[in-house]
Amino acid sequence: RVHGESSSTAYLILIVRLASTLIAVLSAVQYLIISAVRTQECRWRLSPGSRFNTVPVHTETGFHAMGVINIIRGVTFCSLCVVSALFGAIFFGGTIFPLAFVKPHLFRRWFEIWMGIWLGLPPALIESLFGSRIVITGDAITPYEWAVVVMNHRTRLDWMFFWNCLCRYVPLKTEKIILKSGIKSIPGAGWAMQFGCYYFLRRKWEEDKLYLNELISYQTAHKPQITLIFPEGTNLSPATKSRSDTFASTHGLPSYQYVLHPRTTGLVHLIKSFRSHGCFDCLYDVTVAYPKGFIVSELDLLLGDNVPRVIHFHVKKYHHSVVPLSDSDIGTFCNNLWAEKEVSLQSLYENYKLPDESDKSVASFSEREITRYKTNIILFWLIFLSLYFYFLYFYSMFLAYNSFIFVVLLFGDLYFGGWESVQYKFFRSSRLPVKLN
């Protein structure tokens, strides 16, 4: 019993706690099963005689071999990220979301502060727990510009690893990502991304086109942001490479070994839509490589299996005046970028060496500032989660409130199609000022 509560109340609280725990466990198990199936389908460790040894990707595994320590690291990483996202979305997002109907600009400002704090946790843990080294060459990323980022899709988690690059230049709260619609339904992280108005596509172009138009019109009424898109549409795997090769042979294009042929329809529409709102300053072409180990899916990360020792980003910036105007020219421009990626990745993987300091990109923040930032982020979440569990255990009203918000968020996701849809539909129907800065 808690604080002298009656036995019936204590039993009710116990049932609620057990039900909440069961829901969380079942959701995690379901997600891991799906990840395991996809991992089995996509996995390729290129040992001698492998069926896929025609794809020469370096996969050094000695440093991150399977072991108890790696499993502890992986479980710690996933637990902290999942629990912080869940409780953060409930406490910060669910609590202040009614403000979106009264003062939407204030809601966006407050929520993005929390979103930036949470987005800093995965990169901080990747570098602190796993010791991954981040190498960035090429151009610097300029903060507070309307920018589109195109990147090759080597693994299912490239979007998360990109935060390690981005946090050295701009506040992470300014980034939006174009993702598959299934991700939005993940309790916690998916809800947080909905509140943050990330883009979730169903791969039905006519529906996605209308969805993008409405959400972009809402996004461009706010402060400048960086939008990350993967033109390949999916990560590199034996199945996707086979489909890409078939497409290449049908259209008389070369067969790629390190990238997939890009799908340019979404990118073309994205650039033209931002341009039509006067919100397109530049395009960043980012090439990501994992020269010393790479993971295939979330299950690899949970097991601490082969987490990359080095993550190399090469950034090339194109001013908006350089990016073509017509649909066909933008498509050709993107295809040329991918042809260059294939050549640069082949050279990098076949003879990789760490670049000299003079070749590295000049970050907006020093490594000392980044270290302090990572330390503060980890300390914040450890303190926050400790207090959160304390209140959940000892205060039944706090537990009841969290259970209520959990149900509300789940209902809104299922009934309204996502909390980002609620925001832009309300924005469209209201008479708000054009700019919400």
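Note: hydrogens, waters and symmetry copies are ignored here, and every other heavy atom, side chains too, is used.
- Aromatic ring centres of F87 and W381: separated by at least 6.0 Å.
- The 12-atom threshold is not exceeded at CZ of F404, counting heavy atoms of other residues, nucleotides or ligands nearer than 6.0 Å.
- Judged purely by distance below 3.5 Å, without hydrogens or angles, the side chains of Y198 and E420 never pair a donor atom with an acceptor atom.
- Atom NZ of K209 sits in a sparse spot, with 12 or fewer heavy atoms from other residues, nucleotides or ligands closer than 6.0 Å.
- Aromatic ring centres of Y318 and F333: separated by under 6.0 Å.
- Defined by atom type and a distance below 3.5 Å, a donor-acceptor pair is present between the side-chain atoms of T155 and D158.
- Counted by atom type alone, E127 and N164 present one or more donor-acceptor pairs between their side chains at under 3.5 Å.
- There is a side-chain donor-acceptor pair under 3.5 Å between H269 and N213.
- Remark: the N235 side chain and the H153 side chain contain no N/O donor-acceptor pair separated by less than 3.5 Å.
- Ring to ring, F195 and F92 are not that close: their centroids are 6.0 angstrom or more apart.
- The closest donor-acceptor contact from the side chain of H261 to the backbone of P254 lies under 3.5 Å.
- Side chains of Y169 and P143 form no contact here, defined as non-hydrogen atoms less than 4.5 Å apart.
- F97 pairs with exactly one of F91, W419, W191 by the ring pair (Phe, Tyr, Trp, His ring centres under 6.0 Å) rule, that one being W419.
- By the 4.5 Å heavy-atom criterion applied to side chains, C165 and V286 are not counted as neighbours.
- Scored by the side chain to side chain contact (heavy atoms under 4.5 Å, CB included) test, I330 finds V268, I271, K272, R275, P324 as partners (sequence neighbours excluded).
- Listed here is the closest heavy atom pair of C167 and Y373: CB-CE2, 4.3 Å.
- Between Y290 and H312, the ring centre distance reaches or exceeds 6.0 Å.
- Side-chain contact check for T265 and W205: no donor-acceptor pair (N or O, by modelled atom type) lies under 3.5 Å.
- Qualifying salt bridge (charged side-chain N to carboxylate O under 4.0 Å, His left out) partners for D139, counting only residues two or more places apart in sequence or in other chains: none.
- The shortest side-chain heavy-atom distance between F200 and K180 does not fall under the 4.5 Å cut-off.
- Checked by atom type, the side-chain pair T95/Y401 shows a donor-acceptor distance below 3.5 Å.
- Put simply, the side chain of S79 never gets that close to the backbone of T76: no donor and acceptor are under 3.5 Å apart.
- Between the side chains of S255 and D245, at least one donor-acceptor pair of N or O atoms lies under 3.5 Å.
- Ion pair K176/E112 flagged as a salt bridge, since at least one NZ, NE, NH1 or NH2 atom sits closer than 4.0 Å to an Asp/Glu carboxylate oxygen.
- Taking the six-membered ring for Trp and the full ring otherwise, F389 and Y393 have centroids separated by 6.0 Å or more.
- E342 pairs by the salt bridge (charged side-chain N to carboxylate O under 4.0 Å, His left out) definition with nothing, not counting sequence neighbours.
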